[in-house]
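Working notes, structure below.
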Amino acid sequence: MILLAGVAAGALNAVGGGGSFVALSALVASGMPPVTANATTTVALLPGNATSAWVYRREIHAFPQPSTLGLTLASVVGGALGAGLLLWLPSASFDAAVPWLLAFATIVLAFGRRLTKAIRLGTPGPAVILAGQFMLSIYGGYFGGAVGLMMLAFWTATTSLDPAKGNPLRVIQVAAVYLTAGVIFLFAADVMGQPWELVALLLGAVVGGYAGAHLVRRLPAAVLRALVLTTAIAMTVLFFVRAAV
C-alpha cells in the first residue's frame with residue numbers, strides 16, 4: 001500500500017502538487033504517528049521531486065528578478081526553519097492542526113487560480129518576492145500540502161511569469177524546500193525508526209516522479225487538476241473523520 005502511495009504521490013507532485021496528501025495518509029493509516037509520518041513523507045518524496053526536477057531541467061522559465069539562485073536560497077533556508085518548527089512544537093499541536101492544514105491546502109488547490117486572477121499585486125521588488133518565497137518555504141518545511149500551487153499563485157500575482165510555464169520552476173523550488181527539511185528530519189526525527197515504510201515510499205515516489213514528469217506533457221491540464229483536487233478533498237475528509245473518532 002505504501003509503495004503504491006509513493007508512486008501516486010511522486011506522480012501527483014510532478015504534474016501539479018498534492019502528493020503529500022496521499023503519502024501522509026498512507027503512513028498514518030499504517031499506524032505511524034502524524035509528526036513522524038509528515039517527516040517521513042518529506043524525506044521519501046525528496047528523491048521523487050529531484051527526479052522530476054532533472055526531467056524539467058531544460059524547461060525552466062524564470063523571471064528576471066530575483067534570480068533563480070536567490071529564489072532557491074530562500075526556499076532552502078525557509079524549508080529548514082519550517083522543519084525545525086515541526087520538531088520543536090508539541091506533537092499534539094501538529095496532530096490537531098493536520099485536518100485544518102489539509103483543508104486550507106485543499107481550498108488553495110480549488111480556488112487559488114481564481115483568487116490569483118482576481119488579485120494582482122502589481123510588480124513588487126525582488127525583496128518582496130524573496131520574502132514571500134521564504135514564508136511559503138517555512139510552511140513547506142512544516143507541512144507542505146499544496147505549497148507548490150501556493151508558489152505558482154504567488155508568482156503569478158507578483159511577476160509576469162506565465163503559470164502554464166511555471167511548473168518546472170515549481171518542481172525545482174519544492175525540491176529545494178524538501179532538501180533541507182528532509183536532511184533535518186533524517187537526523188533529528190524518528191524517520192529511520194520504520195525503515196521499510198520509508199524505503200517503500202521513497203522507491204514509489206522516484207518511479208512516480210519520473211513517470212509523472214513525462215505524463216504531464218500528454219494529459220490535459222484540466223484532467224491533472226481534477227485528479228489532484230479529488231485526492232486532496234478525499235484525504236481532508238478522512239483526516240477530519242479520524243480526528244473526530
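The figures here come from the full heavy-atom set of this structure, side chains too, leaving out hydrogens, waters and symmetry mates. For reference, positions follow the sequence shown, starting with 1.
Interatomic distance, Phe143 CZ to Trp100 CH2, rounded to the nearest 0.5 Å: 13.5 Å. The CG atom of Leu81 sits 8.5 Å away from the CD1 atom of Ile184 when rounded to the nearest 0.5 Å. Rounding to the nearest 0.5 Å places CG of Leu27 at 7.5 Å from CD of Glu197. Rounded to the nearest 0.5 angstrom, Ser75 OG and Met151 CE are separated by 4.5 Å. Within the model, atoms CG of Leu198 and CE of Met32 stand 8.0 Å from one another, a figure rounded to the nearest 0.5 Å. Remark: Leu46 CG to Leu186 CG distance equals 10.0 Å, nearest 0.5 Å.
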Working note: Asn38 + Leu86, criterion side chain to side chain contact (heavy atoms under 4.5 Å, CB included); need CA distance, chi angles, decisive distance, verdict. CA-CA 9 Å; Asn38 191 56; Leu86 179 67; 3.3 Å; yes
Check the pair Trp155, Leu169 against side chain to side chain contact (heavy atoms under 4.5 Å, CB included), reporting the backbone distance first and the verdict last. CA-CA 10 Å; Trp155 299 338; Leu169 184 61; 3.7 Å; yes
Audit row: Thr40, Gln194, side chain to side chain contact (heavy atoms under 4.5 Å, CB included) steps and yes/no: CA-CA 9 Å; Thr40 302; Gln194 294 176 266; over 6 Å; no
Assess whether side chain to side chain contact (heavy atoms under 4.5 Å, CB included) is satisfied between Phe185 and Leu87, documenting all intermediate values. CA-CA 8 Å; Phe185 290 149; Leu87 298 176; 4.0 Å; yes
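Note: the hydrophobic cluster containing Val77 also contains Ile129 (ILVMFWY, side chain heavy atoms under 4.5 Å, direct or indirect links). In terms of hydrophobic clustering, with Ile, Leu, Val, Met, Phe, Trp and Tyr side chains grouped at heavy-atom distances under 4.5 Å, Val206 and Tyr210 are assigned to different clusters. By the rule that hydrophobic residues join a cluster once side-chain heavy atoms approach within less than 4.5 Å of another member, Leu24 and Val43 end up as members of one cluster. Taken together through direct or relayed side-chain contacts under 4.5 Å among Ile, Leu, Val, Met, Phe, Trp and Tyr, Tyr178 and Phe187 form part of one hydrophobic cluster. Hydrophobic cluster membership differs between Val207 and Trp54, with clusters built from Ile, Leu, Val, Met, Phe, Trp and Tyr side chains linked at under 4.5 angstrom.
The minimum heavy-atom distance between Pro66 and Leu71, with the atom names listed, is CG-CD1, 4.3 Å. The two residues Val177 and Ser137 have their closest heavy-atom pair at CG2-OG, 3.6 Å. Pairing each heavy atom of Ala5 with each of Val22, the nearest pair is O-CG1, 3.7 Å. Minimum heavy-atom separation, Gly182 to Thr42: N-CG2, 3.8 Å. Across every non-hydrogen atom of Leu45 and Ala205, the tightest pair is CD2-CB, 3.7 Å. For the pair Val147 and Gly140, the tightest heavy-atom approach, listed with the atom from each and the gap, is CG2-CA, 4.0 Å.
For Met1, the CE atom counts as densely surrounded, since its 6.0 Å shell holds more than 12 non-hydrogen atoms of other residues, nucleotides or ligands.
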